[in-house]
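Atoms considered below: every heavy atom in the structure, side chains included; atoms not considered: hydrogens, waters and symmetry mates.
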Amino acid sequence: MAGVWEEVFTDHMLINEIVPVAIDAALLQGVLMRTKEQPNLSEVVNYAPFSLLPSPVPKSLFDQAKAVQQDFNLLLDLISQDSDFLEEVLASTVKVDDFIAQLFKIYKQVIKEGIAQSVFLGINRADYMFHCEFDGTTALKQIEINTIAASFGGLTSRTTEVHKHVLNVLGRSKEASELLPNDPSKGIADGIANAWKLYGSEKALVMFLVENVQRNILDHRYIENELWRRKICVIRRKLKDVFERASLDEERRLFIDGHEVAVAYFRTGYMPQDYNEQGWEARLLMERSRAVKCPDIATQLTGTKKVQQELSRIGALERFLSSSPQAIARIRCTFAGLYSLDEGEEGDQNAAMAIASPERFVLKPQREGGGNNIYGDKIKKLLENIKDPPERTSYILMDKITPHPIKNYLLKAGSGLTLSECISELGIFGVYVRQGRDMILNAHVGHLLRTKATEHADGGVAAGVAVLDNPYLV
C-alpha cells in the first residue's frame with residue numbers, strides 16, 4: 001500500500017516541477033485559509049495545507065466506515081433523547097469538569113421548562129484510523145465522533161479536483177479517474193435546508209454561530225453559498241451578538257436584529273474559551289427557543305468522550321439499538337479499547353494499567369477541537385500526580401491506534417519540501433433530520449482525509465499539524 005506513488009517520489013526533478021502546479025491548482029480551486037497574521041481578513045489568503053498526492057486507503061475499510069455512518073447517526077439521535085442515560089453517564093464528569101457541568105446545567109434547565117424545539121438536525125463527523133493488528137491485518141478503529149462544528153466539509157469538497165489535476169499532469173489519468181467524488185458541503189447544506197423547511201417559516205433564516213477568530217471562514221462559506229443558492233438567507237453572528245441583540249417572543253421563537261432564526265448552526269461553542277458569562281446566557285437563550293439548534297445541547301453532550309467510553313460497555317448499544325443486532329455489530333467492531341477512570345476499583349485498575357504501560361494508551365479529556373490528548377510518559381506523570389481520584393473522571397483512557405505509516409509530501413505555506421513518514425485519519429460526515437419522532441433524513445454525505453507526519457502525536461489542519469488529503473482506494 002505504501003508504495004503506490006514510489007516512482008513519483010523518487011524522481012526529485014519531477015517533484016520540484018509538480019509542486020507549483022499543485023499549489024496553483026489549490027489556489028484555483030479555492031482550497032484557501034486566511035493567514036495567521038490576519039485571521040479575520042480575507043484580503044490576504046493562502047492555500048490550506050494539503051498533500052501533494054492522494055494517500056492510499058484500504059477500500060474495504062473505507063467502505064466499512066461509510067456503511068456504518070447511518071447507524072451512528074441513529075445512535076447519536078437516540079442517545080440525545082435519553083436524559084436518564086446522559087445524566088447517569090455524565091454524573092461523575094460534571095463534578096470535576098466545569099465546562100461539561102455548565103453545558104449540563106443548561107440541558108437540565110431546558111428539560112425542566114419543556115423543550116420547545118420540534119425539529120432536530122445532526123451534522124457530525126466520525127473519525128477513524130487504520131490500526132495494524134498483531135497478525136498483520138488492518139482494522140478500522142474509531143477515534144471519536146464530532147457532534148459540534150465538524151469542520152472542513154467545505155474545503156475538502158474542493159481538494160479532489162486538485163489531486164485529479166496533479167495526477168493528470170503526472171500522466172496518471174487512470175488513477176485520476178479513480179478518485180472518489182466528494183462534496184460534503186452540499187450534503188451538509190441539504191441537512192440544514194431540510195431543517196429550515198420543516199421549521200415552517202419562509203421568512204426565517206439560518207444563523208451561523210461563529211468564533212471571534214475566523215481563519216477558517218472559507219470552509220464555512222462553501223456551505224453558506226449552497227444555502228444561498230436554495231434562496232435561504234444566512235447571517236453570521238457571535239455569541240456576544242446573541243447576548244446583546246437576540247430575544248424570544250411569547251411563542252419562544254428566536255429573533256436577532258429583527259430576523260426570525262429557523263436554524264442556529266454552531267461553528268463555535270465547543271471549547272471553554274468560547275464562553276464567558278454572556279456567552280453562557282446566549283447559549284441558554286438559544287436552547288430555550290424553538291429554533292433548530294445544530295447541535296442542540298443534548299447532542300453536544302452525546303459527543304463527549306465519556307459517552308464514547310460508556311458505549312463500549314457490554315449492553316450499552318443494546319439499550320438503543322436492540323431491534324438491529326446488525327447495526328450493533330457494525331458499530332461495535334469499530335471500537336478501540338476504551339476504559340473508565342472513574343472512582344473505584346475499576347478506575348484504579350485502569351489507571352494503574354496506564355501508568356505501567358503508558359505507550360499503549362491515549363488519555364483523552366472531554367474536549368473537542370484537536371490538540372487536547374495526552375500521550376506517552378505524560379500519561380504516567382499526570383495520573384501519578386492526580387492525588388484526588390475524582391479528578392481522573394474528567395478523562396477517559398483509550399487504546400492507542402497504530403496505523404502503518406505511508407510516505408507523502410505535505411505542502412504547507414512557508415514550509416520546506418520534505419518527503420514525510422505519515423499517518424492518515426479518515427472522517428465520514430453524517431447528517432440526519434428528525435421531526436418529532438420521525439426520522440426525515442439519515443445519510444452519509446462525504447468524507448475527509450487528513451494526513452500528518454508521524455512525529456506529531458496530535459493536532460489537526462487548523463492547528464497547522466495535519467493537511468487536507470484524499471483517499472486513493474487500494
Side-chain angles (χ1 to χ4, degrees), residues 70 72-87 103-124 147-150 187-209 223 227 230-235 237 239 242 246-256 258-267 269 281-303 307 320-321 430-443 445:
Q70 288 169 289
F72 273 114
N73 289 347
L74 180 60
L75 176 64
L76 292 171
D77 183 52
L78 290 170
I79 294 170
S80 73
Q81 299 175 67
D82 192 331
S83 59
D84 290 341
F85 179 80
L86 286 174
E87 187 158 6
L103 290 171
F104 197 78
K105 179 182 176 183
I106 293 174
Y107 171 62
K108 292 292 289 182
Q109 182 172 341
V110 170
I111 287 180
K112 184 177 180 180
E113 289 183 7
I115 297 172
Q117 182 176 342
S118 61
V119 177
F120 296 84
L121 167 64
I123 297 172
N124 64 81
T147 60
I148 179 169
I188 292 169
D190 285 342
I192 296 172
N194 266 277
W196 172 84
K197 184 176 181 179
L198 290 169
Y199 179 82
S201 173
E202 291 187 359
K203 294 180 180 179
L205 47 69
V206 173
M207 177 171 64
F208 280 43
L209 276 303
I223 299 166
L227 293 168
R230 293 162 169 79
K231 299 186 176 8
I232 299 173
C233 295
V234 180
I235 59 173
R237 295 292 186 270
L239 289 171
V242 174
S247 61
L248 304 185
D249 70 3
E250 64 279 359
E251 297 175 10
R252 286 211 263 176
R253 294 181 299 175
L254 177 65
F255 287 85
I256 186 167
H259 304 292
E260 183 178 359
V261 177
V263 179
Y265 173 43
F266 283 81
R267 294 299 297 250
E281 288 292 328
R283 186 67 190 267
L284 174 60
L285 181 78
M286 288 185 284
E287 292 298 327
R288 295 182 61 241
S289 77
R290 284 181 49 198
V292 181
K293 277 75 68 178
C294 182
D296 64 296
I297 209 155
T299 303
Q300 183 170 351
L301 291 169
T302 297
V307 170
F320 300 101
L321 299 170
V431 173
Y432 62 87
V433 177
R434 172 171 56 85
Q435 185 175 37
R437 294 194 172 277
D438 297 327
M439 189 65 85
I440 308 300
L441 173 69
N442 180 3
V445 298

* To do: Kindly give the heavy-atom pair with the smallest separation between R230 and A189, and that separation in Å.
  => NH1-CB, 4.0 Å
* Asked: To the nearest 0.5 Å, what is the distance between CD1 (I79) and CZ (F85)?
  -> 5.5 Å
* Asked: Does the N124 side chain pair with the main chain of N73, one donor and one acceptor, at a distance under 3.5 Å?
  -> no
* Do H259 and M207 have side-chain heavy atoms sitting under 4.5 Å apart? -> no
* Asked: Counting N and O atoms only, with roles assigned by atom type, does the side chain of Q109 sit under 3.5 Å from a partner on the main chain of L284, one being a donor and the other an acceptor?
  -> no
* Asked: Do you know the tightest heavy-atom contact between T299 and T147?
  -> O-OG1, 3.1 Å
* **Test item: W196 side-chain N/O and A204 main-chain N/O as donor-acceptor pair under 3.5 Å** => yes
* Straight-line distance of D77 CG to T302 OG1, nearest 0.5 Å -> 9.0 Å
* To do: Just do the side chain to side chain contact (heavy atoms under 4.5 Å, CB included) check on V119 and V263 with the steps written out, would you?
  => CA-CA 10 Å; V119 177; V263 179; over 6 Å; no
* Under 3.5 Å, is there a donor-acceptor pair between the side chain of Q70 and the main chain of N442? -> yes
* Asked: Mind checking whether V433 and L198 have side chains closer than 4.5 Å, heavy atoms only?
  -> yes
* For G191 and L441, which heavy atoms make the closest approach, and how far apart are they? -> CA-CD2, 4.0 Å
* Structure fact -> ring pair (Phe, Tyr, Trp, His ring centres under 6.0 Å) filter on F208, not counting sequence neighbours, yields Y265
* To do: Using a 4.5 Å cut-off on heavy atoms from C-beta on, say whether the side chain of D190 contacts that of V445.
  => no
* Is there a side chain to side chain contact (heavy atoms under 4.5 Å, CB included) between E260 and D249 once you walk through the steps? -> CA-CA 10 Å; E260 183 178 359; D249 70 3; over 6 Å; no
* Is a side-chain N or O of R290 found less than 3.5 angstrom from the main chain of V292, in a donor-acceptor match? -> no
* Structure fact -> With sequence neighbours left out, the residues meeting side-chain hydrogen bond (donor to acceptor under 3.5 Å, both in side chains) with R288 are E113
* **Between CZ on residue F120 and CZ on residue R437, distance to nearest 0.5 Å** => 10.5 Å
* Looking at side-chain heavy atoms only, is the closest gap between E87 and F104 below 4.5 Å? -> yes
* Which atoms form the tightest heavy-atom contact between A298 and S80, and what is the distance? -> CB-O, 3.4 Å
* **Exercise: identify the closest heavy-atom pair between I223 and R267** => CD1-NH1, 3.8 Å
* Under the side-chain hydrogen bond (donor to acceptor under 3.5 Å, both in side chains) rule, collect the residues that match up with Q435, sequence neighbours excluded. => none
* Using a 4.5 Å cut-off on heavy atoms from C-beta on, say whether the side chain of V307 contacts that of L86. => yes
* Asked: Any sub-3.5 Å donor-acceptor pair from E287's side-chain atoms to I297's backbone N or O?
  -> yes
* Asked: Is the shortest heavy-atom distance from the side chain of I232 to the side chain of L205 under 4.5 Å?
  -> no
* Test item: K293 side-chain N/O and M286 main-chain N/O as donor-acceptor pair under 3.5 Å -> yes
* Interatomic spacing from CD1 in I188 to SG in C294 - rounded to 0.5 Å -> 9.0 Å
* Structure fact -> When rounded to the nearest 0.5 Å, the distance separating CD of Q117 from CG of L254 is 11.0 Å
* So do I256 and I235 actually touch side chain to side chain, heavy atoms under 4.5 Å? -> yes
* Structure fact -> In short, V206 meets L227 closest at the heavy-atom pair CG1-CD1, 4.3 Å
* Asked: Taking the six-membered ring of Y199, is NZ or CZ of R253 closer than 6.0 Å to its centre and within 45° of its axis?
  -> no
